[in-house]
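Here is the structure we will look at.
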Amino acid sequence: MHTHKGYELAPFEPRRRRSAVLIALAICLTASIFAIDVFTPFDGAIAVLYIGVILLLAPSGRRAVMASGLITALLTVFAFAFGHLTNASDGAASRFVVSLVAIAITTLMSMRDRSSRTTLGEQARILELSHDTVIIRDSNDVIVYWNDGAEKLYGWSRGEALGRNCGELLQCRFPAQEIATVMDEIGQWSGEVVRTRRDGTPLVLASRWLRRRDPDGRSIGTIESSADLTEKRRADEQSLASERKYRTIFDSAGFATWESDWSETMRVALASVPDGQQLATWLESHPEITQQAVAAAVIRDANPAAVDLFEADARETLVGSNLCGRYLPRGASALSDVIVALAAGETMAETEVRMQTFGERVADVVLRVTILPGGQNWSHVLVMAFDVTERNEARTRYEQVSAELAHAARVSMLGQLAASIAHEVNQPLAAIINYGKSAKRFLRRPQPDLEDVGSCVDKMISNGTRAAQVVDRVRKLARKAAPQADPINLSDLIEDAIALIKSEARAQSVRLRQRSSGDLPNVVADRVQVQQVLVNLLMNAIQAMREVDNRARELCIDTTVTPDGMVRVAVADCGTGFPMGGEARMFEPFYTTKPDGMGIGLSICRSIIEHQGGRISAANNEVFGATVSFTLPIGVPQAAKTLEPIS
Ligand code: ADP
């Protein structure tokens, strides 16, 4: 029986000790042979015995074999020279030659044997190192070799497995007949076998079998190498299950979803950027590059909801195509944001675009772009699209209605101010008339004083300008126009608002005070709407002080810049304050405590301020009255940005 023992490598220390013993023995033997050869009259081919020394040292390695061959050959030459050269007997020279030849042949053969043993040893080591199981069986299916891989996988140690019948030990299940036929025909077989571990768990293995033959070609068993497929099978099944799950979700998702290859899109976009330029700024100034890049995206798959969204005939209309031509002009710049985000390493980006369907419908769509795992260089991108057309239409309608309501409220507010506005215009008009009359009088004098006349005309002009300014302010506030996002200086706006209510305040004996913490930065908002808010708050404050007789009526407008980048305007009065719970309700539409009130002023103020990205709040003061304040962001307000029309 073969055993694996022949292939085992001896441990390092004992091997060295064994070599030392061998070398000592070899030296003794060499010395003895040399002594007999030189000092005894024995007339035979003693030197031939040196081959024993060479064979003795053969296991110690190639160098030992070579050294022993060389030394024994030299000793043979020396002995011949010493004993026989002067007194050469008849056969001495031929015995000398025979000895040398024998030593040379033995040295060469030992060296060859050594190298083939080394090769065999290395091969055995490779078998040990293999993660796969390597089993050698004889023709009766008895195990004669069992590597570490087999020990680990099957749970049987080498000592337990050797000599056992493989089929019985591992409860093998495989098509025995079929394998036997193939092995007989071509000497090898590969396929799957099912075996059982020591602990009873079944294993599925990918196995390769090779027939072993003796030098005469007779079958002497099988070498097999097998790899465990159980884990791989389980992983395959799991990945198949998750693939099916993904497919089901993909197909049954209620929103349009498609999978695209964006590798070329990203390559086109990135390759176009000149050295030293930022991708974002480059794409912003070159929308045609984004168009080209998007045209290079190819749809790999699309779900039925995507077919519906694009009003396509079938999935095939979308698959293989790109949607470049479907994006309406502003779509490209929205998509450049996505390209920039993905290039920066983001795995998800979102944007809103307007698209043209195959059925000519225009749809507003929010696109969520996600990089799928496993793809390379943006080759697998999942795009989910949410149709927000109806939402946007409703939002536009809501904005129109809000703007109309705000306008109606402004007009109604101006109606409340009508008397004081009329007074405000009347004053300069009366002055103009008076100055006109005086000028006329001056002209009727026998010697008209033109200087006096000139001064009257100057006064008429300045009063006329004042009246025109009042009318202009009223006209601006009464105007009906789409909201704009302008950079505005709140100090100027407050001045204008004060000018409008000044006369009303005077009529109600209200003193106006203004406090500001220095120069205010601009806010970006709609001028008319913010003006409306200011006038509304000032009017409410004046009205809240109408019933106050026991203290000075004072209205204070305070402006500050907050640490979070907002400008805050607070309108404080010393009026009645809010009734209990009024702070919470006063922004509700139609909440009013005034007999002639409509209760929509503050609710409109709130929607205007929040629309511009600010906040409005109200609170009673500690002693008297209330303060209503609002904030507006410095720079571009977010809300105003998102409410921009999409195309
Ligand atoms: P209206 O002025 O038509 O009543 P508003 O929406 O402007 O509508 O105001 C709602 C209510 O909030 C007012 O009726 C009043 O009760 C309360 N209110 C508003 N401003 C003040 C204030 N400065 N002091 C006290 N109450 C106020």
Side-chain angles (χ1 to χ4, degrees), residues 401-421 477-478 493-494 497-498 500-515 526 528-559 568-612 614-632:
V401 171
S402 299
E404 273 166 24
L405 192 64
H407 178 251
R410 276 201 305 276
V411 173
S412 140
M413 199 169 64
L414 286 172
Q416 290 176 42
L417 280 172
S420 51
I421 291 170
L477 207 55
L493 228 54
I494 291 169
I498 289 175
L500 272 170
I501 56 98
K502 198 164 60 188
S503 174
E504 181 73 13
R506 210 180 301 123
Q508 301 290 338
S509 316
V510 173
R511 225 181 76 200
L512 293 170
R513 283 205 301 131
Q514 217 190 322
R515 251 192 343 231
D526 181 73
V528 177
Q529 289 191 342
V530 177
Q531 179 80 292
Q532 177 177 357
V533 173
L534 282 165
V535 174
N536 203 138
L537 300 190
L538 296 176
M539 289 278 291
N540 277 353
I542 294 170
Q543 286 167 2
M545 289 188 281
R546 252 189 321 216
E547 263 117 70
V548 172
D549 291 324
N550 55 348
R551 55 180 177 269
R553 296 176 181 176
E554 216 170 66
L555 195 166
C556 183
I557 306 160
D558 207 352
T559 42
R568 181 172 179 273
V569 180
V571 178
D573 60 59
C574 45
T576 51
F578 310 110
M580 266 301 224
E583 292 112 306
R585 298 202 52 207
M586 61 187 285
F587 293 107
E588 285 175 14
F590 309 114
Y591 171 78
T592 181
T593 55
K594 299 170 196 164
D596 55 344
M598 286 211 295
I600 54 163
L602 285 181
S603 97
I604 289 173
C605 288
R606 184 173 65 177
S607 72
I608 289 174
I609 293 297
E610 289 184 353
H611 195 109
Q612 324 267 349
R615 284 270 168 277
I616 188 164
S617 60
N620 275 330
N621 296 335
E622 264 179 36
V623 191
F624 307 116
T627 300
V628 182
S629 53
F630 68 87
T631 55
L632 283 173

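Remember, it's 1-based here, ligands and their atoms both numbered in the order they're listed. No hydrogens, no waters, no symmetry mates; every other heavy atom, side chains included, goes into these values. Residue numbers run from 1 in the order of the sequence given.
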Using a strict 4.0 Å cut-off to heavy atoms of [X], name the atoms of ligand 1 that fall inside it.
{"X": "Gly597", "answer": "3 (O)"}
{"X": "Met586", "answer": "12 (O), 18 (N), 19 (C), 20 (N)"}
{"X": "Gly577", "answer": "25 (C)"}
{"X": "Met598", "answer": "3 (O)"}

Please list the nearest protein heavy atom to [atom] with its residue and the distance rounded to 0.1 Å.
{"atom": "atom 26 (N) of ligand 1", "result": "Phe578 CD2, 3.3 Å"}
{"atom": "atom 2 (O) of ligand 1", "result": "Lys594 NZ, 2.6 Å"}
{"atom": "atom 24 (N) of ligand 1", "result": "Ala544 CB, 3.4 Å"}
{"atom": "atom 8 (O) of ligand 1", "result": "Gly599 CA, 3.3 Å"}
{"atom": "atom 11 (C) of ligand 1", "result": "Tyr591 O, 3.7 Å"}

Below 3.5 Å, N or O to N or O, backbone or side chain included: is there any such pair between [X] and ligand 1?
{"X": "Leu602", "result": "yes"}
{"X": "Ala626", "result": "no"}
{"X": "Thr576", "result": "no"}
{"X": "Thr592", "result": "yes"}
{"X": "Thr593", "result": "yes"}
{"X": "Pro579", "result": "no"}

If you compare all heavy atoms of Gly577 against all heavy atoms of Ala626, which two are closest, and at what distance to 0.1 Å?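 So the minimum-distance heavy-atom pair works out to CA-CB, 4.2 Å.
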If you compare all heavy atoms of Leu477 against all heavy atoms of Gln532, which two are closest, and at what distance to 0.1 Å?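 Taking every non-hydrogen atom into account, CD1-N, 4.0 Å.
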Could you check whether any side-chain N or O of [X] sits under 3.5 Å from a backbone N or O of [Y], counting only pairs where one atom can act as donor and the other as acceptor?
{"X": "Arg553", "Y": "Asp573", "answer": "no"}
{"X": "Arg585", "Y": "Tyr591", "answer": "no"}
{"X": "Ser629", "Y": "Val571", "answer": "no"}
{"X": "Ser503", "Y": "Ser420", "answer": "yes"}
{"X": "Gln612", "Y": "Asp526", "answer": "yes"}

Distance (rounded to the nearest 0.5 Å) between [X] [atom1] and [Y] [atom2]:
{"X": "Gln514", "Y": "Thr559", "atom1": "CD", "atom2": "OG1", "result": "6.5 Å"}
{"X": "Phe630", "Y": "Arg615", "atom1": "CZ", "atom2": "CZ", "result": "14.0 Å"}
{"X": "Glu504", "Y": "Leu538", "atom1": "CD", "atom2": "CG", "result": "11.0 Å"}

Margin query: Given Leu555, which partner from the list Arg511, Arg513, Met545 fulfils the side-chain contact (heavy atoms from CB on, under 4.5 Å) test?
Written below: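 Single side-chain contact (heavy atoms from CB on, under 4.5 Å) partner of Leu555 among Arg511, Arg513, Met545: Met545.
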At a non-hydrogen distance cut-off of under 4.0 Å, which region of Asn536 contacts ligand 1 (side chain, backbone, both, or neither)?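 The answer is the side chain of Asn536.
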Residue-level breakdown please: for Asp573 versus ligand 1, do any non-hydrogen atoms fall below 4.0 Å on the side chain, on the backbone, on both, or on neither?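 Only the side chain of Asp573 comes within reach of ligand 1.
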Practice task
Have a look at Asn540, Asn620, Asn621 and point out the one with the heavy atom closest to atom 19 (C) of ligand 1.
Solution key: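 Considering heavy atoms of Asn540, Asn620, Asn621, the nearest to atom 19 (C) of ligand 1 sits in Asn540.
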